[in-house]
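Side chains are part of it too, since the values below use all heavy atoms of this structure and drop only hydrogens, waters and symmetry mates. For ligands, and for the atoms within them, numbers begin at 1 and follow the listed sequence. Just so we're clear, the structure is a prediction, and the values are computed from it rather than from any experiment.
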Amino acid sequence: MRIVLVGLPGAGKGTQAAYLAKNLPVPHISTGDLFRENIRQGTELGRQAQEFMRAGQLVPDEITIGMARARMKQPDALDGFLLDGFPRNVFQAEALDQLLKDDGTSLDMVLDLVLPQEEAVTRIAGRRVCQDDSSHLFHVTYNAPQEPGLCDVCGGDLYQRHDDTEETVRKRLEVFDRVTSPITEYYRLRKLVVEISALGSVAEVAERSMVALREHGLRADREDTRDCDP
Ligand code: AMP
């Protein structure tokens with residue numbers, strides 16, 4: 001099962017991917033998370049990626065594709081994956097196609113989470129992430145933690161990503177329009193794209209995602225949207 005999630009920054013790709021990965025027999029692979037992990041660990045790759053990320057720019061393709069390829073080759077991803085944040089331009093989409101072709105496989109579906117731009121800005125600027133586990137996501141208004149600044153799930157400190165400030169968000173949205181949105185058309189021509197609205201609660205969007213997967217002939221291990229919203 002090989003799925004790519006696309007949509008504006010803030011559409012909820014990370015939240016939905018984390019939820020779907022719990023229900024599907026494949027791992028969630030987020031290039032943004034992989035970069036952040038490298039930065040945290042002080043690796044050379046993290047050092048190279050950092051300045052681009054802070055500026056809301058894309059990390060160069062050769063760095064990104066190499067990192068994504070290495071992750072997809074790991075044993076847990078041999079039967080598939082849920083890609084979040086990769087590919088982010090047509091060159092990366094072509095590289096992914098080639099990689100899958102070399103392995104004798106191909107993508108099953110591209111899930112497009114559709115969200116108006118202004119809603120994306122509001123969502124991202126209020127987003128808070130758990131320091132200990134980036135799949136624990138909160139929002140100062142829409143999904144506030146019980147204790148301000150602390151993760152409800154594990155008690156870790158919450159922080160605002162450097163690239164989630166309003167100024168950087170606007171830059172990221174501009175990059176999305178110019179560079180990333182053409183990949184949807186690229187996949188649409190191959191009839192892989194299924195659009196769903198990203199408006200509403202996490203549970204509502206998760207339910208739409210599961211319906212979209214089912215209609216595409218992809219089956220989940222289990223389906224339980226009860227734990228989507230805190
Ligand atoms: P995300 O967590 O997906 O919003 O990604 C955060 C940042 O990581 C992006 O704004 C980019 O700077 C970088 N990044 C993540 N994925 C990619 C990618 N596929 N290509 C280039 N840069 C990426």
Just to confirm my output: which protein heavy-atom neighbour is closest to [atom], and how far is it?
atom	value
atom 8 (O) of ligand 1	M53 CE, 3.4 Å
atom 12 (O) of ligand 1	Q57 O, 2.6 Å
atom 2 (O) of ligand 1	R36 NH2, 2.9 Å
atom 23 (C) of ligand 1	F35 CE1, 3.7 Å

For the residue pair S134 and V129, what are the closest heavy atoms and their distance? CA-CG1, 3.8 Å
Which atom names give the shortest non-hydrogen contact between P182 and V90, and what distance separates them? CB-CG2, 4.0 Å
Please determine whether a side-chain nitrogen of the Lys or Arg among [X] and [Y] lies less than 4.0 Å from a carboxylate oxygen of the Asp or Glu.
X	Y	result
D103	K73	yes
R71	E37	no
E195	R188	yes

Ligand-side contact atoms (ligand 1) for residue partner [X], heavy atom cut-off under 4.0 Å:
X	answer
R161	1 (P), 2 (O), 4 (O), 6 (C)
Q92	18 (C), 19 (N), 20 (N), 21 (C)
T64	18 (C), 19 (N), 20 (N), 21 (C)

Which segment of D163 sits under 4.0 Å of ligand 1 when only heavy atoms are counted: side chain
Classify the contact between L58 and ligand 1 as side chain, backbone, both or neither, using a heavy-atom distance cut-off of under 4.0 Å. both
Close N or O approach ([X], ligand 1; < 3.5 Å):
X	answer
V59	yes
R88	yes
G85	yes
T31	yes
R172	yes

Any donor-acceptor pair under 3.5 Å from R190 side chain to Y187 backbone: no
Is the backbone of P9 close enough, under 3.5 Å, to the side chain of R172 for a donor and an acceptor to pair up by distance? no
Check step by step if side-chain hydrogen bond (donor to acceptor under 3.5 Å, both in side chains) holds for H162 and R54. CA-CA 6 Å; H162 289 298; R54 280 186 184 242; 3.3 Å; yes
Any side-chain heavy atom of D97 within less than 4.5 Å of one from Y186? yes
